[in-house]
Amino acid sequence: MKVAIASDHGGVNIRKEIISLMDEMGIHYEDLGCECSTSVDYPDYAIPVAEKVANGEVDRGILICGTGIGMSIAANKVKGVRCALVHDMFSAQATREHNDSNILAMGERVIGPGLAREIARIWLTTEFAGGRHENRVNKIKQYEE
Ligand code: RB5
């Protein structure tokens, strides 16, 4: 699996935490920044990650900002992206099993690095359940066509 990851200035610490997790897990990743000491605009980071996921350059994406909300709104504008904003472990598993989410968004001003790491670990290792959930995801895909 290859993952594209990015954050704005509000998510740098959790981005680094998740990068260290992916190093430990042996997951290949592309780090798209930011290397920011000043304020940046989250769409400039969300959309490049979302486009890489949508065009198949990477399998999954992870986006972090202050709340995760701006990143998730921007990423979900890209056709083919199912970005889930997650701040608990139950939802991390459920969104992979039920929604086949291909981008995970988290907010560094909402949760700490330990919980973010566990959410990412679960999200990266949980498979889509398919079955009745596939029909539902297909309805989203059909709407996009
Ligand atoms: C930046 O201040 C903040 O607005 C951003 O990180 C994010 O929370 C937006 O949704």
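Each ligand, and each atom within it, is numbered from 1 in the order the structure gives. One is the number of the first residue; the rest follow in order along the sequence.
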Closest non-hydrogen atom pair, Lys79 against Ala54: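 Scanning both residues completely, I find the closest heavy atoms to be O-CB, 3.4 Å.
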
What protein heavy atom sits nearest [atom], and how far away is it?
atom: atom 7 (C) of ligand 1; value: Cys65 SG, 3.3 Å
atom: atom 5 (C) of ligand 1; value: Asp8 OD2, 3.2 Å
atom: atom 2 (O) of ligand 1; value: Arg109 NH1, 3.3 Å

Protein heavy atom under 4.0 Å of atom 10 (O) of ligand 1: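 There is a protein heavy atom less than 4.0 Å from atom 10 (O) of ligand 1.
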
Proximal ligand 1 atoms for His9, defined as those under 4.0 Å from one of its heavy atoms: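 Taking each heavy atom of His9 in turn, ligand 1 has 1 (C), 2 (O) under 4.0 Å.
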
Atoms of ligand 1 close to Gly66 [distance to a heavy atom under 4.0 angstrom, numbered from 1]: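 Once the distances to Gly66 are compared, the set is 5 (C), 6 (O), 7 (C), 8 (O).
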
Distance-only N or O hit between ligand 1 and Gly68, under 3.5 Å: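 No.
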
Between Arg96 and Thr126, a side-chain donor and acceptor under 3.5 Å: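 The criterion, which ignores hydrogens and geometry beyond distance, is not satisfied for Thr126 and Arg96.
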
Distance-only polar pair, side chains of Arg82 and Thr95, donor-acceptor under 3.5 Å: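 No donor-acceptor contact under 3.5 Å links the two side chains.
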
4.0 Å heavy-atom contact, Glu108 with ligand 1: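 Glu108 does not count as a contact of ligand 1 under the 4.0 Å cut-off.
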
Thr67 and ligand 1 - part of the residue with a heavy-atom distance under 4.0 Å: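 For Thr67, backbone and side-chain atoms both sit under 4.0 Å from ligand 1.
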
Shared hydrophobic cluster for Ile5 and Ile27 (ILVMFWY, side-chain gaps under 4.5 Å):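 Yes, it is one cluster - the side chains of Ile5 and Ile27 are joined through contacts under 4.5 Å.
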
Give the table of side-chain donor-acceptor pairs shorter than 3.5 Å for residues 128-145, with sequence neighbours excluded, one pair per line with atom names and distance.
residue, atom, partner, partner atom, Å
Asn138, ND2, Glu134, O, 3.3
Glu144, OE1, Gly80, N, 3.4
Glu144, OE2, Gly80, N, 3.0

Neighbour count above 12 (heavy atom, 6.0 Å) for Met1 CE: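 Yes, the 6.0 Å shell around CE holds more than 12 heavy atoms from other groups.
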
Asp23: side-chain contact (heavy atoms from CB on, under 4.5 Å) partners, not counting sequence neighbours: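 If we apply the side-chain contact (heavy atoms from CB on, under 4.5 Å) test to Asp23, skipping adjacent residues, the hits are Ile19, Tyr29.
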
